[in-house]
Amino acid sequence: MSGLWHCALHRFVVRLFFDRVSILGAENLPAGGPALLLGLHRNGAVDGFVYHLPAPRAVFMISVQLLRSVLGRIFFGGIGVAREKDRGKTADSSASNARGMEQCLELLRLGGTLCVLPEGTSSLGPRHLPFKSGAAHVAFDYLAA
């Protein structure tokens, strides 16, 4: 149920923020089977909302920080992982991260779509940031299995 809620909420928010959203190359998105989607992340949390338009069945890898509060869970759904800068803030961040990465792999094994924003930030700035390695680890582990 939360997947439907988030998809509907994200569509509503995108319509509030943008007059028009153009999706180029939507024909390249797989209709089924496992898929790992990577996206750039330069507009804060709204980026994930926009990516939900062409990929409504996608599950997002997100910072576990977004899932800690009720308000966060209303707006965001996905598989929580501990970003490097968030580690150490809770006692179980390493175990939580390992569980999150395993959930990502299981989603792909079951034929799902995983969306990762590999810059690993929602901070705005003048240029894109270096990619974090989480998506590469998921891809490598999936292919190795």
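The analysis underlying the following values was restricted to heavy atoms, covering all of them including side chains, and did not include hydrogens, waters or symmetry mates.
- In this structure, Arg57 places its CZ atom where more than 12 heavy-atom neighbours from other residues, nucleotides or ligands lie under 6.0 Å away.
- Taking 4.5 Å as the limit, every side-chain heavy atom of Phe49 sits out of range of all side-chain heavy atoms of Leu9.
- Going from atom CG of Leu36 over to atom SG of Cys115 covers 8.5 Å, rounded to the nearest 0.5 Å.
- Linking Ile, Leu, Val, Met, Phe, Trp and Tyr whenever their side-chain heavy atoms come within less than 4.5 Å leaves Val138 and Leu37 in two separate clusters.
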Going by atom type alone, with no hydrogens or angles, which donor-acceptor pairs under 3.5 Å involve a side-chain atom of residues 20-34 and a protein atom two or more places apart or on another chain?
unit_1: Arg20; atom_1: NH1; unit_2: Ser22; atom_2: OG; d: 3.4
unit_1: Asn28; atom_1: ND2; unit_2: Gly25; atom_2: O; d: 3.4

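- Using a 4.5 Å heavy-atom threshold, the side chains of Arg109 and Glu106 count as touching.
- Heavy atoms only, all atoms of each residue included: Thr113 and Leu107 are closest at O-CD2, 3.5 Å.
- Residues Pro118 and Gly39 share a closest heavy-atom pair of CD-O, 3.2 Å.
- Screening residues 134-145 for side-chain hydrogen bond (donor to acceptor under 3.5 Å, both in side chains) gives Ser133-His137 as the qualifying pairs, with residues at least two apart or on separate chains.
- Sorted by first then second residue, the ring-ring contact (aromatic ring centres under 6.0 Å, His included) pairs that include residues 54-75, not counting sequence neighbours, are His52-Phe60.
- Annotation: side chain of Glu102 is in contact with side chain of Leu105 (closest heavy-atom distance under 4.5 Å).
- Here the closest heavy-atom approach between residue Leu117 and residue Leu40 is recorded as CD2-O, 4.1 Å.
- No chain of hydrophobic side-chain contacts below 4.5 Å, direct or via other Ile, Leu, Val, Met, Phe, Trp or Tyr residues, connects Phe140 to Val116.
- Residues Cys104 and Leu114 come closest through the heavy atom pair CB-CD2, 3.7 Å.
- To the nearest 0.5 angstrom, Ile79 atom CD1 is 13.0 Å from Arg99 atom CZ.
- A single hydrophobic cluster is seen to contain both Leu143 and Met61, as judged by linkage of ILVMFWY side chains at heavy-atom distances under 4.5 Å, directly or through other members.
- Heavy-atom minimum distance, Gly134 versus Met101: O-CE, 3.7 Å.
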